[in-house]
Each structure stands twice: as structure tokens, then as C-alpha cells.
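To keep things clear, I will list the structure first and then write my remarks on it.
All values derive from a computational prediction rather than experimental measurement. In what follows, every chain begins at residue 1, and chains take the letters A, B, ... in the order their sequences are listed.
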2 protein chains.
Amino acid sequence: MPPQHNKSGDPARSLALLWRTQEPASRRRGKPELSVDRIVVAATEIADAEGLAALSMRRVAEALGVGTMSLYTYVPGKGELIDLMVDAAYADLDSGDRSGGWRERLRRIANANRDLYIRHPWMLQTITTRLLGPNLIAKYDHELSAIDGLGLSEVEMDSTVNLVNGYVESTTRQTLGAEQVARESGMDDEQWWRTYNPLLAALIDDSQYPVASRVGSAVGAAHQAVYDPDHEFSFGLERVLDGVQVLVDTRSAERSADPAAPAAGSPETSGSTARPAT
Amino acid sequence: MPPQHNKSGDPARSLALLWRTQEPASRRRGKPELSVDRIVVAATEIADAEGLAALSMRRVAEALGVGTMSLYTYVPGKGELIDLMVDAAYADLDSGDRSGGWRERLRRIANANRDLYIRHPWMLQTITTRLLGPNLIAKYDHELSAIDGLGLSEVEMDSTVNLVNGYVESTTRQTLGAEQVARESGMDDEQWWRTYNPLLAALIDDSQYPVASRVGSAVGAAHQAVYDPDHEFSFGLERVLDGVQVLVDTRSAERSADPAAPAAGSPETSGSTARPAT
DNA sequence: TGGTGGGTCCGTAGGGCGTACGGGTCAGTG
DNA sequence: CACTGACCCGTACGCCCTACGGACCCACCA
């Protein structure tokens, strides 16, 4: 069980599955019993509730009241099932609201993605390279649209979307990882800290790590205070958006200095890692 | 095997292991045979070469020419072993050079972290909350030192370090994920794209995703051109640093407006997720 | 109406995994 | 010389994914 990599076999089969080509064919008389969608939904419920580690073909089959091997009629394997789960999950992102300036739009996108990851923490353990499902492409299109027409080159637009998404991912992964550890250890941060602080104090020579000690205790103190836990996320996001702002302002200044120049491709910047992959 | 979460049992035991308390005791006469360090090194070699998924207690024991269960004399379980591997890996970060401005220092830190992750890709699949080993703390201290004295509050310093590290993590994870998929599928991006482009074209209605199509092909074209693959990373990093710069400039302006104010704690910003965790 | 083909379902088995448990082995000590 | 405790490890249990081949049963056709 490779921890997070998906897919194994024929990409053409995967694509057909993602786009639901040749779906129902000729259902049997009685209730449809099984289907790709029912399997994906059941699997997602398990992963949402107990994590990707608890997701097994046996568990999914059991939840559907069906033999394990029956799943393989509809899905080539576990990897492809996870791919399907990911694309299906992205359908939950509502992409309606396009109002406001680009900064507000990006902020809204970041928050929507964060909420989605919180709803489906297992998504942060998957690799989405070459996962070209309908919902993922729609998401990519929606996100790019938020910064279209600002004078950025296409490659810069891709980079910017990746930058924001990357920030959301890493931050949320951190948050959820901490929650998971707290849940599994049965101790929240505060309890854990109080319990093992003496031991740590004996182990760690504060004078050897002066800055870490100072910052560590300040951060610890801040955690004691009552505060909205989303503030940290928003704070960092504004820093990222400030960085984007600098880029947008630069390109904007270039355009007004040379109004004939098209918006496309400033040559000294380079492309992203994968093509439309998020 | 929970895919990426570590530790299971007594945190005190874990800490003792990380800090190598009560290490050698009374070695047997002959060669030391086994030790925590030898186990960690062997396990790291396997994970480096074949990924975290290929790491099993059996494999490690085999590599050391020893019975599987012998490992449990030195290490409580696989989770703790991974914790030890992570902390040991951070020892490879050379933290010597402290020259240059804060921006250059952060750039150097980001690149060093990226190189480390490329050397040890499995690190990106681990959760490091509450992992308080000596090397991780040293790293935290070193990174905070790079932005000490700029007028940022302690909480802001923590956020900033997390921001940069988060950027490095998400970007590198993307890069390495793509490499892994390419390796396992036996097709690089270019081959894959050429092979499945016809199928994709039939599936995807370009007019439905206008921006994604335009940007996707531009990014694809950029990938054809010869360019340094690290440019994308550096480009995004500069955006992040621009964002930090805005913050630093703001605090700097505040300080010169009110020179009596201390550097600490602006109350409307909040702490990070874990205490000294990276 | 009497097949019969194919879609659907699933039992079995093989090869992984982590680790609990209990029994060997042997260096050093009393 | 007997003992003891650290070290080592064989076996076994329960989990995992999935290849393979058989069982079932509906839909269609002759």
C-alpha cells in the first residue's frame, strides 16, 4: 500500500472512469446494487470519518453490504478509487461568487479550499499529478479566472494559483496533522505541554537555542489566550497576497509604461511543474 | 500502517530516544551488532532509495542481517523509528552561513530545505508535530535567527518561518510527486501528454474551460523550452519574500514612528499551530 | 420457449505488513 | 560454577491488496 500515490494501471481506463464514459450500460432488473458513484460515496464517508489509513477495500465493501471483490468490477483498484474520490470531492467547491477584486477573490478561493480540506482531510495525502477529472479542471479554470486580465502572463497565472493553493495546503496540513496527533494521543497541546515540559526542560539547554526558546514560549503564551484559530491562516494568507500584489503592481506599471505590449509571456519566468495540475 | 503519522506509545520513551539518553549501557563483547543509530541509518537508506512505502521492519532487519524482532529491542515501533529518521535527517542541514541580509538568509534556508527534501523525499510524508528532537530544534532556532531583530513580534517570526517552510514543502512535494508518477508510469510528462492528448481532447470541451485551456497550453509550451527547472521554485519564493518584505517594512515604519515601542507582540496577530514545530 | 452469453458478484488463496509473546543464547558477575 | 539480565529472534495473529476462477442470473435471440 503505497501511502499516497494513486493509479496503477491504464490511464485511459482512469480517464474514462473520471469522465463517466459508458456508464450505466444495461443495468440489471433489480436495484442497481453497485455503481462507481455508490462506491466513491461510501469510500469517501469512511475516509472522512476515519482517515485514509482506515480506507480498505474490505471496509468499503462491508459498508455497501457486498463482497470485497465485487468492487473490482467497477473500479480497477484502490489507487483509481482514490483518484475518483479526489475528483468527486472537488465538486463540492462552490464556484459561484466571482465578485470583488482579485485579492478578495483569491481570499475566497483560499478559504473555500481550506474548508474543503478540513471536510476531507485525506485529500492532503494524495498526489494529484495527471489527475484530469472534470471537477479538477473546473476548479483550475475557476481559480485562474480570478486573476485573469491583470496583466500577468499565463505562466505567471499558473504560478500564482499554485502559490496560493500551496499555502493553503501546507497550512491546513499542519493544522490537521496537529489535530490528528492530539486526537490519537488523547492529549491536547496544552495537556501535552504541561505533562512533558519538565522532561523537556531537563533535556533542552535553553541557552543553546536562545531564539527558539524565546519565540517558542511567546507562541505558547499566545496559544493560551483566547483567539480565533483561523487568524494564523489569514495572517499568512495576507502575506502571500502581498507578494502577489507586488507582482501585479509591477506588471501593471509595465503595461502603462508600454501600453502596446500584450499581456503574455515575459520570458524570464518559467512554467509550473505539471500542466494543468493543481 | 497509518500512512504518515508516527509515534504510538510513550512520548517520554520517544524523547529519551531522540536525545539518546542512556545510550550504550554495556555492549556485548563482539561487534555491537545493533544500535539505534545503525537501525536509523539502514532505514533511511531504504526510504531514500525506495520511498516510505517500501520501508518495513522486515526490510530494515534484512538489510542489517538480523531478525525482524531484534529491532524492537532498540526501537518501540515503526512510528518512533520514523521520528528518529526525521530528526536525524535534519542534522544534514548545514547551518553555518549566516551572512547577508535577511532576504538572502531566508533564500538560503529555503534552498537548503528544498535540497534536503529532494535528498529524502519521504520526509514530506511525515507529521512532525511534537517532534522535539535536538536537530529539529536547532533548525528552528537557526531559521528564526535569520529574521531576528527586524522588528517582528515573536509570533510573527514564527509565522514567517512557517510561511517560508510551507512554501518549500508544498512546492517540493509537487515536484517530487510528479517525478514519482513519471517514474512509476514509465512515461515522462511529455510522452504522457502526447499519448493521451487525443483522448483528452475528445473528453474535454475547451470552450467550457477557456482560461484553463489557454493557460494549460501556455504552460505546456513553456515546458518544452529549455529552462532551469528551479526557476519556478525561485520565482514563487521571491513572491513569498516580497510578502514578508511588506510586513518587515510596515514594522520598520512603525518603529521609526514610535521608537520607544518594543519589538514584541502586536496583539491582533495570532500564534502558529504547534509550538516550536516546524 | 429454451437456451446461452455476458455482466455481476464473491470465496479462496498468496504474498505483504506490524508487532505480541515467549523462548533461546551468552557475557559478565557473585 | 550458577545465575541473571540484556540481547536476539521464530512463530503466530490479524490486518492489507488483489489474481483467479467459479457461481449466479438476467436479457436477448433462435
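Distance, B:Leu52 CG to C:dC17 P: 13 Å, rounded to whole Å. In this structure, A:Lys78 places its NZ atom 15 Å from P of C:dC17, rounding to the nearest Å. D:dC9 atom P lies 14 Å from atom CE of B:Met57, rounded to whole Å. Taking atom CG of residue A:Leu55 and atom P of nucleotide D:dC16, one finds them 10 Å apart after rounding to whole Å.
A sub-4.0 Å separation between OP1 or OP2 of C:dC9 and a side-chain N or O of A:Thr73 is absent. Taking only side-chain nitrogens and oxygens, B:Arg58 never comes nearer than 4.0 Å to OP1 or OP2 of C:dG16. The phosphate of C:dG18 has neither OP1 nor OP2 within less than 4.0 Å of any side-chain N or O from B:Tyr72.
With rounding to the nearest 0.5 angstrom, the CD atom of A:Gln174 is 8.0 Å from the OG1 atom of A:Thr171.
With sequence neighbours excluded, the residues that form a side chain to side chain contact (heavy atoms under 4.5 Å, CB included) with A:Ser185 are A:Met187, B:Arg130. Partners of B:Asp206 according to the side-chain hydrogen bond (donor to acceptor under 3.5 Å, both in side chains) rule, which considers only residues two or more places apart in sequence or in another chain, are B:Ser213. When the side chain to side chain contact (heavy atoms under 4.5 Å, CB included) test is applied to A:Asp48, the partners found at least two apart in sequence or on another chain are A:Thr44, A:His120, A:Trp122. Scored by the side chain to side chain contact (heavy atoms under 4.5 Å, CB included) test, B:Ala61 finds B:Val66, B:Thr68, B:Leu71 as partners (sequence neighbours excluded). Partners of A:Asn135 by side chain to side chain contact (heavy atoms under 4.5 Å, CB included), not counting sequence neighbours, listed by chain and number: A:Asp87, A:Tyr90, A:Ala91. In this structure, B:Trp19 has no ring pair (Phe, Tyr, Trp, His ring centres under 6.0 Å) partners at least two apart in sequence or on a different chain. The salt bridge (Lys or Arg N to Asp or Glu O under 4.0 Å) search around B:Glu50 returns B:Arg59, not counting sequence neighbours.
Listed by residue number, A:Thr68, A:Met69 are the residues of residues 61-71 of chain A with a heavy-atom contact under 4.0 Å to DNA chain D.
Direction change of the helix axis from one end of the helix from C:dT1-D:dA30 to C:dG30-D:dC1 to the other is 30°, with five pairs defining each end axis (rounded to 10°).
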